[in-house]
Amino acid sequence: MRKMLAAVSRVLLGVAQKPASRVLVASRNFANDATFEIKKCDLHRLEEGPPVTTVLTREDGLKYYRMMQTVRRMELKADQLYKQKIIRGFCHLCDGQEACCVGLEAGINPTDHLITAYRAHGFTFTRGLSVRAILAELTGRRGGCAKGKGGSMHMYAKNFYGGNGIVGAQVPLGAGIALACKYNGKDEICLTLYGDGAANQGQIFEAYNMAALWKLPCIFICENNRYGMGTSVERAAASTDYYKRGDFIPGLRVDGMDILCVREATRFAAAYCRAGKGPILMELQTYRYHGHSMSDPGVSYRTREEIQEVRSKSDPIMLLKDRMVNSNLASVEELKEIDVDVRKEIEDAAQFATADPEPPLEELGYHIYCSDPPFEVRGANQWIKFKSIS
Amino acid sequence: MTLRDPCPVCVPSERPLSLSLSLSLSLCLSPRQVSGLLRRRFHRTAPAALQVTVREAINQGMDEELERDEKVFLLGEEVAQYDGAYKVSRGLWKKYGDKRIIDTPISEMGFAGIAVGAAMAGLRPICEFMTFNFSMQAIDQVINSAAKTYYMSAGFQSVPIVFRGPNGASAGVAAQHSQCFAAWYGHCPGLKVVSPWSSEDAKGLIKSAIRDNNPVVVLENELMYGVPFELPPEAQSKDFLIPIGKAKIERQGTHVTIVSHSRPVSHCLEAATVLSKEGIECEVINMRTIRPMDIETIEASVMKTNHLVTVEGGWPQFGVGAEICARIMEGPAFNFLDAPVVRVTGADVPMPYAKVLEDNSVPQVKDIIFAIKKALNM
């Protein structure tokens with residue numbers, strides 16, 4: 001975050017050593033903010049919804065642009081590393097869904113909590129981990145955020161509970177985190193995410209019931225990207241109105257490709273929870289460009305035309321960029337500079353992730369138990385022993 | 001799925017039953033047989049010793065920990081206003097209220113997940129399963145969300161949770177309500193699994209489990225809930241803890257080592273009493289913890305007695321006794337064995353209902369005695 005703000009201020013202040021074109025950019029007058037119209041959300045059991053206009057400041061706009069571009073580039077780099085077999089196993093990419101992770105973060109506080117499933121790299125970044133730590137975890141190195149022990153689906157940070165591999169299991173976990181928020185009485189809330197596929201899991205309905213019964217400050221968020229692996233929503237759900245599936249829980253259907261829409265809806269939902277009214281449900285209508293995971297080309301169950309259409313008409317980064325340029329919040333050149341900077345950051349991170357060594361073998365047995373004295377863990381046979389420390 | 005009526009054998013009462021009567025209930029022996037056991041087994045203690053049932057011991061343990069740390073709370077079906085399906089949490093809701101003692105709907109997977117999430121966020125939940133049979137609905141949360149998380153996060157995210165409830169066979173509750181989960185949970189790295197036998201065990205282990213920063217599965221036993229034991233003075237202290245991972249030698253002996261956990265420990269002690277009259281002195285080890293297993297105590301005993309019999313209520317295949325056999329074979333005690341290890345287990349069938357069939361599906365004292373004599377080649 002600080003690096004990004006420094007980059008922005010560099011552009012604004014136009015430091016002397018920059019080439020002429022940059023000085024030109026810096027001296028141009030931008031608007032401080034602009035007001036935009038956003039799509040009205042469909043409502044379920046709500047009299048009113050989020051506002052239909054919002055103010056975007058230049059500072060926020062540049063921040064969101066940079067964050068979304070970072071997530072985009074990071075995911076594309078992961079794609080590349082996977083094809084080079086430097087990343088192994090599961091790799092579920094979220095390019096196309098950047099407005100969700102960045103927009104949600106924009107609507108909450110760092111002291112709020114968030115949990116999601118396995119398409120988690122974007123959230124890991126927006127919740128505060130560096131691209132370096134994320135890519136190094138994907139490549140299974142000691143510099144990874146989980147020291148190489150977790151991989152793509154098991155990344156954790158402060159107030160970010162992963163990264164969960166079992167579809168739907170994260171939803172009761174999120175309701176439990178919300179229970180802790182209510183128990184502690186500090187006005188914190190928990191954002192509990194799941195996909196359109198997971199939305200049919202029974203345990204989610206158990207979580208809805210208890211969250212509503214006990215008025216837990218939980219925002220249930222269905223990231224509907226239209227496909228649960230290879231199964232389209234029409235083939236999986238008797239009701240595809242995911243925002244209504246909470247039944248007695250009020251819901252919103254949100255344009256998940258528009259970061260401002262996501263932000264406003266999140267602010268609305270967060271205020272609802274903080275007021276002690278109980279849980280609320282948000283469906284973010286979004287789209288993933290990649291297949292379900294790197295083993296899925298993503299074109300056997302949908303057409304390339306469909307993917308191309310979303311890219312050309314609804315790309316979240318393009319939408320924000322157009323808005324900012326057309327409202328004089330930023331210039332095309334300035335945003336290009338951010339692109340260059342982001343590319344460099346990702347490249348550096350990828351270098352690190354490729355060069356960093358794997359975790360030492362001695363650590364295989366570490367972290368079985370918390371707060372315990374060291375003990376021995378059995379290896380592949382009775383003579384192979386690993387020390388386990390907490 | 002829910003077992004709403006209290007166990008017909010253990011009638012909760014305000015006054016503890018006399019020790020001999022209650023022991024005879026748990027061991028299915030006549031009071032006269034048991035009083036002999038008592039005279040030999042329990043010395044006249046100083047007046048400070050207290051008679052406490054296993055149920056009361058668990059209740060006290062939870063009460064003390066709820067009082068000590070406001071982050072501790074209990075959730076489960078009927079734990080609050082009903083005082084607990086087996087009355088184990090009697091009085092706690094009245095004392096601590098809705099925030100700390102929470103009645104849940106019948107949603108094991110949901111509320112177990114909620115409990116794990118609360119633990120991840122820093123609270124210290126006690127999640128009760130009405131019986132561990134119902135924990136199967138939630139087993140993914142216990143294993144994948146609780147047990148593995150500290151490891152997957154390389155020590156970043158701990159899960160200080162207790163899963164507790166009655167485990168194993170009861171009386172007349174048939175196949176779907178009688179399974180023992182010691183082997184299943186004991187299989188998984190990242191979990192701690194304890195199995196108390198006596199009141200002292202129950203109190204010390206539940207307190208240690210609650211204070212432990214790891215997911216701990218506490219396998220209680222419904223038929224033991226009503227059984228009173230003498231609680232020695234040190235066990236009456238509010239900081240009385242039994243270390244997880246340490247077995248206890250309940251009876252010293254020289255001819256054969258008997259290892260057991262939970263209710264079968266009573267049967268082993270009775271078998272030991274009977275055999276003592278024949279000049280066979282059994283060393284009875286109460287495992288107390290299934291994982292991490294205290295194999296050292298068992299090994300030291302086997303190196304002394306040269307014979308080993310394991311006794312458990314669960315099924316034989318891939319069970320606790322099977323694991324003990326494997327480890328004894330791999331370790332220093334193997335060379336001290338004068339005979340193969342003998343296992344006494346539940347019968348390899350789903351639990352039948354009819355009394356004669358049920359009685360023969362769980363280890364009885366006569367089965368243990370027979371096994372010991374086989375191990376001693378008598």
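We name chains A, B, ... by the order of the sequence lines, and we start the count at 1 in each one.
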Applying salt bridge (Lys or Arg N to Asp or Glu O under 4.0 Å) to B:Glu323 and not counting sequence neighbours gives B:Arg327
Can you list, pair by pair, the side-chain donor-acceptor contacts under 3.5 Å of residues 204-214 of chain A, counting residues two or more places apart and other chains?
| residue | atom | partner | partner atom | Å |
| --- | --- | --- | --- | --- |
| A:Glu206 | OE1 | B:Gly110 | N | 2.6 |
| A:Tyr208 | OH | A:Tyr194 | OH | 2.7 |

Bottom line for B:Lys192: the part with an atom under 4.5 Å from chain A's heavy atoms is both
Rounded to the nearest 0.5 Å, the OH atom of B:Tyr150 sits from the NZ atom of A:Lys149 at a distance of 9.5 Å
dist B:Gln141:CD -> A:Gln203:CD (nearest 0.5 Å) comes out at 5.5 Å
Closest non-hydrogen contact found for A:Ala175 with B:Ile114 is CB-CG1, 3.8 Å
Residues of residues 285-292 of chain B with a heavy atom under 4.5 Å from any heavy atom of chain A, in residue-number order, are B:Arg291, B:Pro292
If one checks every heavy atom of A:Arg142 against chain B at 4.5 Å, the contacting part turns out to be neither
When rounded to the nearest 0.5 Å, the distance separating CE of B:Met329 from CD of A:Gln382 is 8.0 Å
Within the structure provided, determine whether A:Trp383 and B:Glu330 are in side-chain contact (heavy-atom separation under 4.5 Å). no
Task: Note, B:Leu123 side chain near A:Leu179 side chain (heavy atom, < 4.5 Å) - done: yes
query = Is there a side-chain contact between A:Tyr369 and B:Ile244, using heavy atoms and a 4.5 Å cut-off?
reply = no
Between A:Cys370 and B:Asn214 the two heavy atoms that sit nearest each other are N-OD1, 2.6 Å
When the 4.5 angstrom heavy-atom criterion is applied to B:Ile102 and chain A, the contacting part is side chain
Handout entry: Heavy-atom neighbours of A:Arg88 CZ exceed 12 at 6.0 Å
Key = no
Minimal heavy-atom distance between B:Asn213 and A:Ser371, with the atoms involved, is ND2-OG, 2.7 Å
To the nearest 0.5 Å, atom NE2 of A:His154 lies from atom CZ of B:Phe156 at 15.5 Å
Under a 4.5 Å heavy-atom criterion, the part of residues 156-172 of chain A in contact with chain B comprises A:Tyr156, A:Ala157, A:Lys158, A:Tyr161, A:Ile166, A:Ala169, A:Pro172
